[in-house]
Each structure stands twice: as C-alpha cells, then as structure tokens.
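First listed ligand is number 1; within each ligand, the first listed atom is number 1.
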Amino acid sequence: MEDKVKQVAQWIVASKRVIVFSGAGLSTESGIPDFRSPGGVWDRYNPEDFYFQNFLDSEASREKYWQMATEMYEPIRIAQPNQAHLAIAELEKLGKLDCVITQNIDGLHFKAGNSEEKVIQLHGTAIFVSCLGCKKRYDRDEIQERIKAGQKAPRCGDCGGLLKPATISFGQSMPEKETEEAYHRSSLCDLFVVVGSSLVVQPAASMPLVAKRSGAKLVIINRDPTPYDDMADLVVHGQAGPTMRSILDYVKRGMGTED
Ligand code: APR
C-alpha cells in the first residue's frame with residue numbers, strides 16, 4: 001500500500017495537469033451515505049421511482065421525491081469535509097490541480113477550500129433549489145422550512161412552477177457547459193485520479209476512459225473494485241481519507257514543501 005501511495009505522489013509531482021474525479025465514496029467519511037453500497041441511498045430507495053419524467057408527471061411522484069430528498073439532505077446539511085477533501089484542496093494550493101470533476105452534490109469540495117473555477121459539478125448541487133419554470137434559484141434551507149411546515153412538493157412563489165433541488169436526476173439533461181468542460185479537460189490531462197466512485201453512471205463514468213485514451217495515467221482509489229480496475233495504471237482498494245492524506249504528505253515531501 002505504501003509503495004502505491006508513494007507512486008501516486010511521484011506521478012502527481014511529475015504531472016502538469018492532474019484531474020481528481022470524485023464520487024459519493026469521497027464523502028462517506030463525512031457521514032453522507034453513498035448510493036450503491038449496503039445501506040446506501042439506492043439500497044433504501046428504488047432509483048426507478050426517481051426518474052426526472054416521474055417528477056414531471058405527477059404530484060404523487062414529486063411528493064415521494066421530496067420525501068427522499070429531504071432525508072438525503074440532512075447529512076449533507078451538517079457534513080464537514082474529511083481529510084480526502086482537505087488533501088484535494090491542498091493540491092490546488094500547491095498548484096498541482098488542474099480541476100476536480102465531481103459527481104457529488106454536497107458542496108464539500110468548496111467547504112474544504114477548492115475554488116469555484118476549479119470544481120466542475122457534473123450532477124449539480126443539493127445546496128440550492130431551482131424552479132423548473134422560471135429558473136429562479138432558492139436557498140435549500142428556506143425550502144426545507146416550507147417542507148417542515150407541511151408543503152409536500154413546493155412551488156415557485158414567482159411563477160408557480162415546480163421546485164426541485166438543483167441536482168441532475170436520472171433521465172434529466174446533463175449541464176452542457178460543465179459536461180463539455182469535463183470532457184475537454186479529461187482529454188488534456190496527464191494524470192486522472194478517481195476517488196470514491198463505482199464508475200457505473202454515464203456519461204460521468206466515461207471521463208476516465210477519455211483521459212486514458214488521450215494518454216493520461218489512470219489511478220483509481222476506491223474501497224470496492226470498479227469495472228475500470230483492469231485498465232488503470234494503479235488501483236488502491238482503500239479508504240479515501242487516509243489514502244489521500246498520505247498521498248498529500250508524499251507530494252509535499254516530493255516538492256520540498258513539508259509542514
Ligand atoms: N473510501 C473509498 N471508497 C469508498 C468509501 C471510502 N470511504 N466509501 C464508499 N466507497 C466506494 C464504494 O465502494 C463505491 O464503489 O465509493 C463508491 C461509491 O459508488 P456509488 O455509491 O455508486 O457513488 P457514485 O459512483 O458517486 O455514483 C454515481 O450515481 O446515483 C447516481 O447521481 C448519483 O452521482 C451519483 C452517481
């Protein structure tokens with residue numbers, strides 16, 4: 001394990017364009033369940049029920065969606081970045097981060113100190129709510145107060161449109177600018193580090209492929225095996241927090257910037 005961590009650190013120090021690609025496994029050590037592990041969101045809910053078309057089709061589906069989203073939001077609302085988030089933010093400070101491409105909706109990369117322009121949120125964010133009609137943006141806590149007060153599927157105060165957390169649901173169009181940017185940067189990077197993702201959801205999961213096919217080295221840090229382990233240059237089946245922390249320590253040693 002130590003040799004693998006040292007190797008990743010050496011590649012980071014030697015690289016010009018490092019991308020970190022994060023999934024829900026990065027935030028489980030911050031108390032936010034992931035989706036596909038035992039006890040994860042899709043272990044408790046049937047993802048079929050939460051397709052975007054269902055949300056548009058019926059009040060009953062919207063109420064069910066908000067009930068699930070409210071339960072998911074609570075650990076996100078109180079979560080703090082863990083050592084993996086903090087290590088990624090420090091890579092940015094060291095000038096060793098091209099960008100973070102994240103599937104996560106929890107905003108913890110920002111709480112850890114990564115700058116807005118360095119984080120590409122492919123699946124939107126749970127921190128805000130948007131009106132599907134007039135696109136007005138609401139603070140999430142304000143809408144959660146309405147839910148607590150008894151509204152089951154809140155509507156926009158301006159246009160009466162449907163309100164939904166600003167996340168991308170299955171069957172919903174991906175954010176164009178972010179998706180293009182993520183593909184573009186994946187094709188230009190020389191090191192692509194996946195942290196905490198099962199790599200089964202498209203189009204996000206095709207980014208490591210784009211990077212690998214463009215000549216980059218691919219590193220996967222994930223507790224469980226992924227479909228891409230065989231094509232990776234290095235795989236660590238371990239906890240994201242301690243693994244990223246020790247990688248950062250070796251990067252700093254390699255750059256002569258130890259604390
Ligand atoms: N350290 C390392 N890996 C971890 C940890 C941890 N502390 N905790 C969980 N994992 C791993 C699990 O083994 C799992 O393979 O993280 C992975 C998380 O996979 P998913 O739950 O499938 O999450 P993700 O890959 O982000 O899902 C992609 O699917 O449901 C949609 O929109 C949702 O963005 C999400 C997308």
**Request:** With sequence neighbours excluded, tell me which residues meet side-chain contact (heavy atoms from CB on, under 4.5 Å) with E92.
**Result:** L97, N114, S115, K118
**Prompt:** Donor-acceptor pair, N104 side chain versus A24 backbone, under 3.5 Å?
**Reply:** yes
**Prompt:** Which one of F170, F55, Y45, F35 satisfies the ring-ring contact (aromatic ring centres under 6.0 Å, His included) criterion with F50?
**Reply:** Y45
**Message:** Counting neighbours of CZ on R44 that are heavy atoms of other residues, nucleotides or ligands and sit closer than 6.0 Å, is the number greater than 12?
**Reply:** yes
**Asked** What does the list of residues with a heavy atom under 4.0 Å from ligand 1 look like, ordered by chain and number?
**Response** G23, A24, G25, T28, E29, D34, F35, R36, S37, W42, Q103, H123, F170, G196, S197, S198, V201, N222, R223, D224, G238, Q239, A240
**Request:** Take L94 and V251, measure what side chain to side chain contact (heavy atoms under 4.5 Å, CB included) needs, and give me the verdict at the end.
**Result:** CA-CA 9 Å; L94 292 168; V251 167; 4.2 Å; yes
**Complete:** Between the CD1 atom in I105 and the NE2 atom in H123, the distance rounded to the nearest 0.5 Å is 10.0 Å
